[in-house]
There are 2 protein chains.
Amino acid sequence: MASRRSRSVQTASVAVSTPSALDFAGLDQLLGYRLRRAQGAVHRDYLATLGALKLTQKQTAVMWLVQGNPGVAQGAVGNALGMDRATMMALVDRLEARGLLRRSHSRIDARRRELHATPAGMQLLQAVRDRIDRHESRIKREFNPAELRTLQRLLQRLQDLER
Amino acid sequence: MASRRSRSVQTASVAVSTPSALDFAGLDQLLGYRLRRAQGAVHRDYLATLGALKLTQKQTAVMWLVQGNPGVAQGAVGNALGMDRATMMALVDRLEARGLLRRSHSRIDARRRELHATPAGMQLLQAVRDRIDRHESRIKREFNPAELRTLQRLLQRLQDLER
DNA sequence: TATTGTTATACTCTATAACTATA
DNA sequence: TATAGTTATAGAGTATAACAATA
């Protein structure tokens, strides 16, 4: 069952003196684990780089698409970003409350809400983009061009798992 | 600045009839974005595979390490998994409330809390491991052995960004 | 009937700050 | 002084279920 069991509590003095030497017992072989850890590290670097601008990765993605597609339907953005409708609602509510975007009624389909970035939203997004340039440069610096292309391609394949 | 701008609202009829053709405007070139989307897709497959077992990725990682290192200090686990002490507290509180692990006082260092998996915790973890085997097989199936090694290595490099 | 948005609700992760006790 | 754990608090993402308006 347990394939390995190197140090245990039996050799207490050793275990205590080297608390960092932890047995991962295969956990670090799980792709899901590695992916989560990598995402966590990148996310923390993102937050540190953004600093006081206070726009999360998700919020940035929404603002980015809204600015690139003025009047896009709320559901279309959520769909493009793989987000639930309810999740999208909460997110857009926050952005709207901060005055970064506004909802308007579609004249083509009365069910739809069209999203537009406000001037304040565009201005913030530009500042965010500048910070993200630095953040992306820093993390991409870890790879050569071929490695970067490979990584992007393999990540895309994981994303395509859910159609 | 904006390197692309393929379809816009100018060709309104086209934009409306093809709401799925959304201009990502370079968003999908961000490594942080791709990483988050890949993680989201894998996470949803994880949740679907785990079903009623109700153990999150983080909780699984903690149980995994606790079972592999009986009596390990709470802080050591959080440290190994890149988690804040307060975050770790909340997580262990939930696992303890469900009877999956227990805290005990360390006799070596009275500040420490040693973590042990309960029989119920071990039993649940085993069931979770079986599901994860299927989950991991499904996502790893997307890659050949060389690609998988490459992906793991590149993800590890991102994780190492924060020392 | 299906789609779009909405509200209510709940859970988890994450982090900051301040506190206790121990080293 | 520094460390380990704790508590309080807050924000954000995620999801389910039920509902209204519209297609």
Side-chain angles (χ1 to χ4, degrees), chain A residues 16-17 19-20 36-37 39-48 50-62 72-98 102-115 162, chain B residues 16 19-20 36-37 39-48 50-52 54-62 71-98 103-115 162:
Chain A
V16 169
S17 61
S20 59
R36 197 164 47 69
R37 290 302 303 271
Q39 149 70 13
V42 169
H43 185 224
R44 275 183 283 271
D45 186 80
Y46 172 94
L47 289 177
L50 266 284
L53 294 185
K54 298 296 173 202
L55 204 67
T56 69
Q57 285 182 314
K58 283 257 135 127
Q59 291 169 345
T60 297
V62 169
V72 67
Q74 182 174 301
V77 174
N79 208 358
L81 296 176
M83 293 167 65
D84 192 76
R85 271 180 312 178
T87 307
M88 187 67 185
M89 269 300 298
L91 203 153
V92 171
D93 280 348
R94 282 181 223 115
L95 294 175
E96 194 178 31
R98 285 174 65 185
R102 60 183 177 77
R103 291 177 167 103
S104 64
H105 292 257
S106 167
R107 280 175 303 182
I108 299 140
D109 185 336
R111 293 171 302 181
R112 291 193 193 156
R113 295 294 175 271
E114 297 176 347
L115 303 181
E162 55 184 356
Chain B
V16 170
S20 59
R36 197 165 45 70
R37 291 302 304 271
Q39 151 68 14
V42 169
H43 185 223
R44 273 182 284 272
D45 186 80
Y46 172 93
L47 288 176
L50 267 285
K54 297 299 173 200
L55 205 66
T56 69
Q57 284 182 316
K58 282 260 136 128
Q59 291 169 345
T60 296
V62 169
V72 66
Q74 183 175 302
V77 175
N79 207 358
L81 296 177
M83 291 166 65
D84 192 77
R85 270 180 313 176
T87 307
M88 187 66 187
M89 268 300 299
L91 203 153
V92 172
D93 279 348
R94 281 181 223 113
L95 294 175
E96 194 178 31
R98 284 173 65 185
R103 289 178 169 103
S104 65
H105 291 257
S106 168
R107 282 175 301 180
I108 298 138
D109 184 337
R111 294 172 301 182
R112 290 194 192 155
R113 296 293 174 273
E114 297 176 346
L115 303 181
E162 56 183 359

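Quick caveat: nothing in here was measured; it's all calculated off a predicted structure.
In the set D:dA8, D:dT22, D:dT14, D:dT14 carries the atom at the smallest distance from any side-chain atom of A:T87. Side-chain atoms of A:A86 lie closest to C:dT7 of the nucleotides C:dT7, D:dG13, D:dT6.
Where B:D109 and A:D93 each meet DNA chain C at their nearest nucleotide, the meeting point lying more 5' is that of A:D93.
Contact between the side-chain N/O atoms of B:K58 and the OP1/OP2 oxygens of C:dT14 is found at a separation under 4.0 Å. OP1 and OP2 of C:dC13 both lie 4.0 Å or more from every side-chain N or O belonging to B:Q57. Listed pair A:T56 / D:dG13 meets the phosphate criterion, a side-chain N or O lying under 4.0 Å from OP1 or OP2. Between B:R113 and the phosphate of D:dT6, there is a side-chain N or O to OP1/OP2 separation shorter than 4.0 Å. Distances shorter than 4.0 Å separate none of the side-chain N or O atoms of B:R85 from OP1 or OP2 on D:dT3. Remark: A:R112 is not in phosphate contact with D:dA21, judged by side-chain N or O atoms under 4.0 Å from OP1 or OP2.
D:dA8 atom C1' lies 12 Å from atom CE of B:M89, rounded to whole Å. Distance A:L50 CG to D:dA12 C1': 14 Å, rounded to the nearest Å. Between the C1' atom of D:dA12 and the CG atom of A:D84 lies a distance of 15 Å, rounded to the nearest Å. Taking atom CZ of A:R107 as the reference point, atom C1' of D:dA23 lies 18 Å away to the nearest angstrom. In this structure, the CG atom of B:L47 is 12 Å from the C1' atom of C:dC11, given to the nearest Å. The interatomic distance linking B:H43 (NE2) with C:dC13 (C1') rounds to 10 Å, in whole Å. One can place CD of B:Q74 at 17 Å from P of D:dT3, the figure rounded to the nearest angstrom. Distance, A:K54 NZ to D:dA10 P: 16 Å, rounded to whole Å.
Considering only heavy atoms from C-beta on, A:L91 comes within 4.5 Å of A:Q59 through its side chain. Put simply, the side chain of B:K58 reaches to within 4.5 Å of the side chain of A:R36, judged on heavy atoms. At a threshold of 4.5 Å between non-hydrogen side-chain atoms, the residues B:Q57 and B:Q39 count as touching.
Across all strands shown, B:R44 has heavy atoms under 4.0 Å from sugar-phosphate atoms exclusively, and none from any base. Within 4.0 Å of A:A110, counting heavy atoms only, lie sugar-phosphate atoms of the nucleic acid but no base atom.
Between the side chain of A:R111 and the base of C:dT3, a donor-acceptor pair under 3.5 Å is found.
Closest heavy-atom contact between B:T60 and B:Y46: OG1-OH, 2.7 Å.
Screening A:M88, A:R98, A:R103 for a side chain to side chain contact (heavy atoms under 4.5 Å, CB included) involving A:D93 leaves a single residue, A:R103.
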